[in-house]
Visitor: 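Please see the structure below; I have some questions.
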Amino acid sequence: MGQTHNMADYDEVYRSFRYRVPEHYNFAGDVIDKWAEHPNRLAMWWVDDNGLEVKKTFRELSIISKRLANALTDQGVKPGDVVMLILQRNIEWWEAVTACIRMGAVVAPGTTQLTAKDLKFRAQKAEAVCIITNPEVAERFDSIADECPSVVSRIVISNTVEGWSFYDDIVARGSDVFLTAETSSRDGCILYFTSGTTGLPKMALHTHASYPIGHFTTGKYWLDLREDDLHWNISDTGWAKAAWSSYFGPWICGSALFIHHTNRFDPLKTLEFLSRYPVTTLCGAPTVYRMFVLQDLSRFTFPNLRHCVAAGEPLNPEIIEAWKTATGCTIRDGYGQTETVLLCGMFPCIEPRFGSMGKPSPGIDLDVIDGEGHVVPPNTEGDIAIRVAPHRPLGLFREYWKESERTASAFEGDWYLTGDRAYKDDDGYFWFVGRSDDVILTSGYRIGPFEVESALIEHPAVAESAVVSSPDETRGAVVKAFVILAPGYTGNDVLVKELQDHVKKVTAPYKYPRKITFVESLPKTISGKIRRVELRSMEWGKA
Ligand SMILES: Nc1ncnc2c1ncn2[C@@H]1O[C@H](COP(=O)(O)OP(=O)(O)OP(=O)(O)O)[C@@H](O)[C@H]1O
């Protein structure tokens with residue numbers, strides 16, 4: 001109540017917003033070092049499962065990143081070289097990203113869950129020159145190192161490993177005097193592999209401007225951050241969401257990060273930390289909130305929490321409702337891709353509509369179009385696209401690196417195509433329907449899986465579900481739901497019928513799942529997204 005937001009009037013900001021992009025920009029020099037002018041400004045508050053707590057200021061981060069930039073240079077890393085950064089939420093991750101940016105190397109983060117085969121795929125594809133990782137991944141990497149001759153520098157944190165440089169040693173030896181590279185706003189800065197929800201991961205390359213400046217809107221308007229905030233983003237450092245919400249977004253605004261370093265996500269422990277530490281803003285995947293609301297939330301209070309957001313997957317209205325009842329906070333959805341900054345969001349000043357992704361981000365001309373590139377009328381489903389002519393928006397990636405054909409195929413006429421389907425309502429709110437490939441065609445109808453999944457999860461027996469098409473002799477295809485049951489429920493024919501009736505009641509009856517299978521788990525990407533493609537292939541006998 002009485003909260004003033006960074007964006008007071010959506011229409012006014014959207015209309016007047018313009019980015020100013022300088023010829024040269026370097027986030028380490030232009031942002032981190034500016035905050036570092038204040039000796040005690042907090043950059044991160046880090047805790048681990050063993051009770052260890054570390055607080056780091058921007059000044060400390062600035063100094064260490066200079067030492068590491070010198071050390072990397074000594075190791076033979078040059079501006080433009082790719083540095084694979086495969087860590088958990090270790091403090092070194094933030095230090096290394098800053099060091100790479102400072103020296104003009106291209107940092108390529110990845111999750112520690114990558115297998116030896118994944119590591120080889122990435123090192124080869126990116127022609128990485130250096131890898132910074134932990135001892136477990138170092139061992140995995142050693143098993144394929146011979147096949148990755150481009151990697152000349154190997155650096156390990158936490159413990160020494162034979163044949164690897166030890167991070168602490170090289171940082172201690174590095175000088176803290178380093179001239180920050182004068183990087184062009186068009187140069188490559190950060191390289192992310194996409195989640196691989198639909199196929200093999202793609203390498204999306206961002207410049208020193210597209211993410212580092214483009215995430216201004218993500219941090220200031222959607223995360224609504226200020227200098228006195230303590231922001232917690234519960235996401236693995238290997239995915240673009242970390243750059244959005246654990247690096248550029250918050251640090252543009254001068255907020256401090258809260259970081260919980262842990263081997264596995266435990267909803268109860270996370271809720272306990274959220275209650276114990278003065279976290280003001282929270283960002284998590286919808287899956288995280290889905291797990292939260294299955295806990296007994298009445299056990300906790302969150303005295304400092306003022307703003308919650310989710311992104312990465314569709315956010316079911318049911319979850320927003322349950323979280324709001326428990327905490328008073330409305331989860332504000334945000335939509336975007338590895339390839340982009342926030343494209344649209346339920347910005348805090350907008351009246352929320354549960355189940356909608358909100359309105360386009362300032363600086364992004366986002367719309368819903370038909371197959372010919374024409375904007376479709378409100379309440380008509382189409383492709384979500386970004387207008388790129390006459391102006392290409394800043395927050396869009398430069399390219400799929402080394403894949404010019406693939407890059408070209410993402411653009412059509414004046415548009416960049418996201419590959420997602422949605423409709424806009426009469427007031428310009430976007431409503432997600434599904435990924436283009438996930439939309440189900442049955443008896444002449446088009447059905448988005450998200451709406452059916454959201455209807456299912458409103459039933460108390462359903463913890464999570466995934467909806468895909470399944471072959472049917474008469475109809476060609478029908479809707480099929482894979483359902484994980486909430487504790488205490490047993491799957492049987494009676495429940496199947498009950499769930500079908502429930503969906504018929506809460507959504508248009510033709511959308512109800514004619515087939516339902518109860519499962520213990522759903523196939524997911526390592527980042528936790530449901531891989532409907534796998535279920536669909538299984539159904540259609542292509543697995
Ligand atoms: N708020 C949201 N609501 C619905 N879907 C979302 C939302 N945010 C992101 N998404 C989905 O996630 C996609 C972006 O995810 P990401 O860039 O991690 O790669 P991916 O598409 O999952 O993987 P790949 O491109 O490798 O198949 C979007 O295109 C959209 O389908």
Side-chain angles (χ1 to χ4, degrees), residues 109-111 118 121-122 125 190-206 211 218 222 235-245 283-290 308-317 319-320 331-347 352-361 364 366 383-386 395-397 400 403 406-407 409-410 416-423 429-439 448-451 453-454 466-467 523-534 536:
T111 162
D118 298 329
F121 172 78
R122 288 175 181 229
K125 207 158 181 218
I190 187 159
L191 184 69
Y192 265 110
F193 285 76
T194 59
S195 304
T197 312
T198 50
L200 275 181
K202 301 164 280 206
M203 288 192 296
L205 181 66
H206 280 276
Y211 260 13
T218 314
W222 179 57
S235 130
D236 190 293
T237 51
W239 309 106
K241 190 107 148 318
W244 282 41
S245 182
C283 177
T287 316
V288 164
Y289 290 102
R290 275 198 286 271
C308 297
V309 300
E313 268 202 301
L315 174 65
N316 317 94
I319 306 298
I320 310 180
I331 309 168
R332 303 248 166 195
D333 197 6
Y335 163 79
Q337 304 184 306
T338 306
E339 292 87 338
T340 69
V341 295
L342 181 83
L343 295 179
C344 83
M346 194 62 76
F347 296 99
R353 292 187 184 172
F354 292 7
S356 157
M357 309 192 292
K359 297 188 177 190
S361 295
I364 302 285
L366 193 74
D383 296 314
I384 309 181
I386 305 170
L396 190 58
F397 72 140
Y400 292 120
E403 290 193 281
R406 186 173 231 173
T407 307
S409 71
Y416 162 78
L417 300 173
T418 59
D420 292 319
R421 307 274 298 172
Y423 64 90
Y429 284 71
F430 280 63
W431 297 79
F432 188 76
V433 171
R435 290 165 184 267
S436 307
D437 298 342
D438 288 343
V439 172
F450 173 51
E451 201 184 343
E453 289 163 10
S454 289
V467 166
K524 291 191 174 172
T525 61
I526 327 176
S527 61
K529 296 190 188 199
I530 299 171
R531 293 197 77 234
R532 293 181 191 78
V533 63
E534 215 168 285
R536 196 166 53 236

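All residue numbers in this chain count up from 1 along the given sequence. Just so you know, these numbers use all the heavy atoms, side chains as well, and skip hydrogens, waters and symmetry mates. Every number for a ligand or one of its atoms is a count from 1 in the order of the listing.
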Visitor: Among all residues two or more places apart in sequence or in another chain, which pass the ring-ring contact (aromatic ring centres under 6.0 Å, His included) test with Tyr400?
Guide: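 Counting only residues at least two positions away or on another chain, Tyr400 forms a ring-ring contact (aromatic ring centres under 6.0 Å, His included) with Phe397.
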Visitor: Angle between ring planes, His206 versus Tyr211, binned at 30° and 60°: parallel, tilted or perpendicular?
Guide: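 If you compare the ring of His206 with that of Tyr211, the planes turn out parallel.
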Visitor: Suppose I only count heavy atoms of Thr194 and a 4.0 Å limit; which atoms of ligand 1 are within that range?
Guide: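 Those atoms are 19 (O), 24 (P), 25 (O), 26 (O).
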Visitor: Within a distance under 4.0 Å of any heavy atom of Asp333, pick out the atoms of ligand 1 and give their elements.
Guide: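 Heavy-atom distances to Asp333 below 4.0 Å select 1 (N).
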Visitor: Counting heavy atoms only, which of Gly434, Ala285, Gly312 comes nearest to atom 10 (N) of ligand 1?
Guide: Gly312
Visitor: Geometry only, no angles: is Phe432 polar-contacting ligand 1 at N/O separations under 3.5 Å?
Guide: no
Visitor: Taking only heavy atoms of Arg435 into account, list the atoms of ligand 1 that are under 4.0 Å away from them.
Guide: 11 (C), 12 (O), 13 (C), 20 (P), 21 (O), 22 (O), 31 (O)
Visitor: Between Arg421 and Phe432, is NZ or CZ placed under 6.0 angstrom from the six-membered ring centre and within 45° of the ring axis?
Guide: no
Visitor: Against heavy atoms of Lys202, which atoms of ligand 1 measure under 4.0 Å?
Guide: 25 (O)
Visitor: If you count the atoms of ligand 1 from 1 in the order shown, which ones are under 4.0 Å from a heavy atom of Gly336?
Guide: 8 (N), 9 (C), 14 (C), 28 (C)
Visitor: Show me which atoms of ligand 1 lie under 4.0 Å from any heavy atom of Gly334.
Guide: 1 (N), 2 (C), 8 (N)
Visitor: Could you work out, for atom 28 (C) of ligand 1, the closest of Asp420, Leu315, Thr338 by heavy-atom distance?
Guide: Asp420
Visitor: How far apart are the C-alpha atoms of Met357 and Tyr429, what are their side-chain angles, what is the distance that settles it, and do they pass the side chain to side chain contact (heavy atoms under 4.5 Å, CB included) test?
Guide: CA-CA 7 Å; Met357 309 192 292; Tyr429 284 71; over 6 Å; no
Visitor: Hey, mind stepping through Asn316 and Tyr289 against side-chain hydrogen bond (donor to acceptor under 3.5 Å, both in side chains) and telling me if it holds?
Guide: CA-CA 10 Å; Asn316 317 94; Tyr289 290 102; over 6 Å; no
Visitor: What I'd like to find out is whether the side chain of Thr418 reaches to under 4.5 Å of the side chain of Arg435, using heavy atoms alone.
Guide: no
Visitor: For ligand 1, which is the ligand I care about here, please tell me if Gln337 has any N or O atom under 3.5 Å from one of the ligand's N or O atoms.
Guide: yes
Visitor: Taking only residues two or more places apart in sequence or in another chain, which ones pass side-chain contact (heavy atoms from CB on, under 4.5 Å) with Tyr423?
Guide: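 Expected list: Asn379, Trp431, Val433.
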Visitor: Going by the closest heavy atom to atom 14 (C) of ligand 1, which one wins out of Arg531, Lys529, Lys241?
Guide: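 Closest candidate by heavy-atom distance is Lys529.
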Visitor: Going by heavy atoms in the side chains, are Tyr335 and Leu342 under 4.5 Å from each other?
Guide: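 Counting from C-beta outward, Tyr335 and Leu342 never come under 4.5 Å.
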